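On a predicted model such as this, the values are computed, not experimentally measured, just so you know.
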Amino acid sequence: MKIGILRLTNTAKLPLRMTEHASGFDIFADIPETIIVEPGKYLAIPTGFALEIPPGFEAQIRPRSGLALKQGIGILNSPGTIDADYRGEIKVIIINLNKEQVSIEPGTRIAQMVFCPVVIPDLQEMDSLNSSSRQDGGFGHTGH
């Protein structure tokens, strides 16, 4: 499968797989200078690229475990979804869950991007649903 990628700025670093078997591509911050993220605050970080994803696929923007563990940085809408018909700049909404401010430097690896197939079902309205052993048991229904 081929996915088109367009560099939007001269400073943008294109996504990279960091190991041979990595499922995700690391995404880099395309910012002109250091950004300080205060505790509990969030903001959209530009990446400097756009994608042309074929129909039937999506890109998922996911947190990087190293940033989460070492700096308390997460992705607010994780996973973020990039639809096949979106052609704008990819931005990553990071949140600082740390108790201290965090610096995001130009070129920092801020997220990872994984491409996934999308199934589009034919939703059919019904008068009732078949029963199941779980029924409407939700959050914590198994006792854990």
* Asked: For the atom pair CE (Met1) and CD1 (Ile53), what is the distance rounded to the nearest 0.5 Å?
  -> 8.5 Å
* Of all heavy-atom pairs between Thr9 and Ala12, which one has the smallest distance, and what is that distance? -> OG1-N, 3.1 Å
* Please answer: with hydrophobic residues joined when any side-chain heavy atoms are less than 4.5 Å apart, are Ile3 and Ile27 in the same cluster? => yes
Show which side-chain atoms of residues 77-84 pair as donor or acceptor with protein atoms under 3.5 Å away, not counting sequence neighbours.
residue	atom	partner	partner atom	Å
Thr81	OG1	Glu58	OE1	3.4

* **ILVMFWY cluster membership beyond Leu8 - transitive side-chain contacts under 4.5 angstrom** => Leu6
* Can you list the residues that meet the ring-ring contact (aromatic ring centres under 6.0 Å, His included) rule with Phe25, with sequence neighbours excluded? -> Phe115
* **Shortest non-hydrogen separation from Gly88 to Ala50 and the atoms involved** => O-CB, 3.4 Å
* Structure fact -> So the salt bridge (Lys or Arg N to Asp or Glu O under 4.0 Å) pairs with at least one residue in residues 6-21 (sequence neighbours excluded) are none
* To do: Enter the distance from Leu43:CG to Ile36:CD1 here, rounded to the nearest 0.5 Å.
  => 11.0 Å
* Structure fact -> Residues pairing under salt bridge (Lys or Arg N to Asp or Glu O under 4.0 Å) where one sits in residues 25-38, two or more places apart or in two chains, turn out to be Asp26-Arg64, Asp26-Arg109
* **Those residues that, when tested against Gln124, pass side-chain contact (heavy atoms from CB on, under 4.5 Å) (two or more places apart)** => Asp122
* At what distance, to the nearest 0.5 angstrom, does CD1 of Ile94 lie from CD of Gln71? -> 9.0 Å
* According to the ring pair (Phe, Tyr, Trp, His ring centres under 6.0 Å) rule, which pairs have a member within residues 49-72, sequence neighbours left out? -> none
* How long is the gap from CE on Met113 to OG on Ser23, to the nearest 0.5 Å? -> 12.0 Å
* To do: Compare every heavy atom of Gly24 with every heavy atom of Val114, then report the nearest pair and how far apart it is.
  => CG2-CA, 3.7 Å
* Considering only Ile, Leu, Val, Met, Phe, Trp and Tyr, and joining two whenever side-chain heavy atoms are under 4.5 Å apart, list the other residues clustered with Met126. => Leu129
* Under the side-chain contact (heavy atoms from CB on, under 4.5 Å) test, residues paired with Thr19 that sit two or more places apart -> Ala22
* Asked: Heavy-atom count around Glu100 CD within 6.0 Å, excluding the residue itself: above 12?
  -> no
* Structure fact -> Applied to residues 85-95, the side chain to side chain donor-acceptor pair (under 3.5 Å) test, sequence neighbours excluded, yields none
* Give a yes or no on whether the backbone of Pro63 and the side-chain of Gln112 come within a donor-acceptor separation of less than 3.5 Å. => yes
* Asked: Under 4.5 Å between side-chain heavy atoms, hopping through other hydrophobics if needed: is there a path connecting Val102 to Ile95?
  -> no
* Between Ile45 and Leu97, is there a shared hydrophobic cluster once you connect ILVMFWY residues whose side-chain heavy atoms come closer than 4.5 Å? -> no
* Asked: Does any N or O in the side chain of Thr34 come within less than 3.5 Å of the main-chain N or O of Ser103, such that one atom is a donor and the other an acceptor?
  -> no
* **Non-neighbouring partners of Ser133 that pass side-chain contact (heavy atoms from CB on, under 4.5 Å), sequence neighbours left out** => none
* What distance separates Ile31 CD1 from Ile110 CD1, expressed to the nearest 0.5 Å? -> 8.0 Å
* To do: Please check if Leu67 and Phe28 belong to a single hydrophobic cluster, counting links between Ile, Leu, Val, Met, Phe, Trp and Tyr side chain heavy atoms closer than 4.5 Å.
  => no
* Asked: Are Ile90 and Leu14 in one and the same hydrophobic cluster, where Ile, Leu, Val, Met, Phe, Trp and Tyr link if side-chain heavy atoms are under 4.5 Å apart?
  -> yes
* To do: Check whether any side-chain heavy atom of Asn98 sits under 4.5 Å from a side-chain heavy atom of Pro39, and report yes or no.
  => no
* To do: Answer whether the closest heavy-atom distance between the side chains of Cys116 and Val118 falls below 4.5 Å.
  => no
* For Tyr42, all residues meeting ring-ring contact (aromatic ring centres under 6.0 Å, His included), sequence neighbours excluded -> none
